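Okay, structure first, notes after.
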Amino acid sequence: MKNLNKRRFFRKKLENGMTVIFEQRKGSGVASVLFAVKHGGIHESSKEKGISHFIEHMLYKGTPNRTARQISEQIERNGGILNGFTDEEFTAFLAKIPSDKIDIALEVLADMIKNSLFDESELNKERKVIIEEIKMRKDRPDIYVVDKIQGMLYSGNLSQDAIGTEETLGSIDKQKIVKKFKDVYNAGNLVLCVVGDSNFQKLCSFCNKTFLKSRSEIKEPVIGLRNGRRIDKRAGLDQANLVFAFHSFPSGNKENYVAQVLSGLMAGGMSSRLFQEIREKRNLAYVVKGACSSGKRYGYNYVFVGTKKEHLKEVINLILREFEKLKDLTEKELEDIKAHLIGNSKISREDSHGQMLDLIYNEIWDKAENSYKYEEEIRKVKLEDVKKLALSVHEGNYSLLALVPA
């Protein structure tokens, strides 16, 4: 047990190989619960791309103990919220529920992870659902360009969308799904993360009793760096959708905090440099936003801008110019953006769900305890390091993808 940041934090590797992470919030009346398996899109070959996401969907489709409807009903009719997602480096199944009902959330989620049926009829139906999800993302140009920019930054396992394609999904049958599930979903690859009003020993006991000792190695992905620049045309658009991205640093790496500071400076809200320059000063766009996207094995920053096709070149030049102007960044502006990031972090982690996500991401990247060191690490970021990363962008360390009206 450790007392970090005035919160009671617990972490333990169990005898069965599973890891349990818990932040105790007595009296909160709510518990956020998440099971994660350390396998996601980055671990998939090009031929099986989308299989992690497919398995995620299928785990909600029923077990010998519960139908698909009963899975959702037992959470929702007890006041809870049920969800799941597939990340590049892990897949998650989660619920937020009144703390006196946490046993229900644990039992339902564990049943899904251990005993899913993978009924062939349901599998074929869910394949159609995911294909519609792919079409939906393609039809949204702002989402489409953000999805595709990663493939212009990386070769190997990161070069394709984690959701897969119609072709790869068509080749993933029940036999492949069941094999992948058996290979990956075992105690040694599982993490339980809980934030709220509960008991750590009770959580550990549940996991030891529920999951047998087991472990299988997950193959390390192959990742290569590259840069690309492309402008695609599509009929029916009224606006150019631009993503400007550059390599930064993986999470868990101290330099990732430099990338986060730079992202905040350039596109982290209405006061950011690019929002002020592109939207407020020149009225060239409505949306100007950005993020630092990273994992244990990769890291990149991106900026999204929606503008008129005729203004695209001007917007790109403005972005490059703003990166070049960071050579004159002052300590005052650096301290201001640090305060902005630290404040945003506190707000997002005030809620048990937000803190649960922060803990599990930090655990996948390195160790969950790093969640409590965020403010300390952000404050350590030096002016010269931010300038150095910005200069690399101005000198050509960037990719861009624009989808423009045909």
Side-chain angles (χ1 to χ4, degrees), residues 40-54 85-89 130-172 221-248 250 259 263 266-267 274 285-295 297-309 311-313 315-316 319-320 393 396-406:
I42 201 172
H43 301 102
E44 300 168 353
S45 68
S46 59
K47 292 181 179 179
E48 63 176 6
K49 188 60 72 171
I51 195 168
S52 297
H53 181 246
F54 205 159
F85 62 88
T86 302
D87 195 81
E88 286 292 351
E89 295 179 316
I130 299 172
I131 288 172
E132 291 305 312
E133 183 180 355
I134 291 171
K135 292 176 180 177
M136 177 195 73
R137 299 186 73 85
K138 182 179 179 181
D139 284 351
R140 290 278 305 273
D142 55 331
I143 295 176
Y144 175 80
V145 290
V146 173
D147 283 346
K148 296 301 179 185
I149 195 64
Q150 189 167 286
M152 302 185 71
L153 291 163
Y154 298 97
S155 59
N157 290 48
L158 272 174
S159 63
Q160 294 174 276
D161 298 347
I163 196 172
T165 65
E166 290 190 49
E167 290 73 26
T168 58
L169 287 173
S171 70
I172 298 172
V222 176
I223 303 169
L225 303 184
R226 61 185 177 188
N227 277 316
R229 297 164 196 175
R230 194 174 81 228
I231 296 176
D232 292 346
K233 294 181 180 181
R234 181 187 293 183
L237 297 182
D238 294 321
Q239 191 178 59
N241 293 262
L242 168 70
V243 171
F244 180 101
F246 58 94
H247 296 289
S248 53
S263 180
M266 299 306 287
L274 289 173
Y286 173 69
V287 177
V288 180
K289 61 183 181 180
C292 178
S293 181
S294 56
R297 303 163 178 86
Y298 68 98
Y300 64 93
N301 289 23
Y302 72 86
V303 176
F304 171 85
V305 181
T307 189
K308 287 181 69 174
K309 179 180 179 180
H311 294 152
L312 184 60
K313 186 175 181 180
V315 167
I316 293 170
I319 292 172
L320 288 168
V393 178
N397 168 32
Y398 68 89
S399 295
L400 65 83
L401 173 62
L403 189 63
V404 305

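Here the structure is a predicted model, which means the values were calculated and not measured.
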side-chain contact (heavy atoms from CB on, under 4.5 Å) between F244 and L320, intermediate numbers included: CA-CA 10 Å; F244 180 101; L320 288 168; 3.8 Å; yes
Hey, does the side chain of [X] reach the backbone of [Y] with a donor-acceptor pair shorter than 3.5 angstrom?
X    : Y    : value
S263 : N301 : no
D147 : D161 : no
R226 : G151 : yes
K309 : V404 : no
H43  : G40  : yes
N157 : E44  : yes

CA sep, side-chain torsions, deciding dist, call: D232, R234, side-chain contact (heavy atoms from CB on, under 4.5 Å): CA-CA 7 Å; D232 292 346; R234 181 187 293 183; over 6 Å; no
From CD1 (I163) to CG (L169), nearest 0.5 Å: 7.5 Å
Gap between atom CD1 of I319 and atom CG of L400 - 0.5 Å precision: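 Answer for the CG-CD1 pair, L400 versus I319, is 8.5 Å.
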Pair Q160-S46, side-chain contact (heavy atoms from CB on, under 4.5 Å): steps then yes or no: CA-CA 7 Å; Q160 294 174 276; S46 59; 2.9 Å; yes
Within 6.0 Å of NZ in K308, more than 12 heavy atoms from elsewhere: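 Check fails, neighbour count at 12 or below.
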Check against side-chain contact (heavy atoms from CB on, under 4.5 Å), N397 and H247: CA-CA 7 Å; N397 168 32; H247 296 289; 3.8 Å; yes
Mutual orientation of the aromatic rings belonging to Y298 and Y154 [parallel < 30°, tilted 30-60°, perpendicular > 60°]: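 Rings of Y298 and Y154: perpendicular, as their planes differ by over 60°.
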Matching residue for F304 among L242, I149, V287 - test: side-chain contact (heavy atoms from CB on, under 4.5 Å): V287
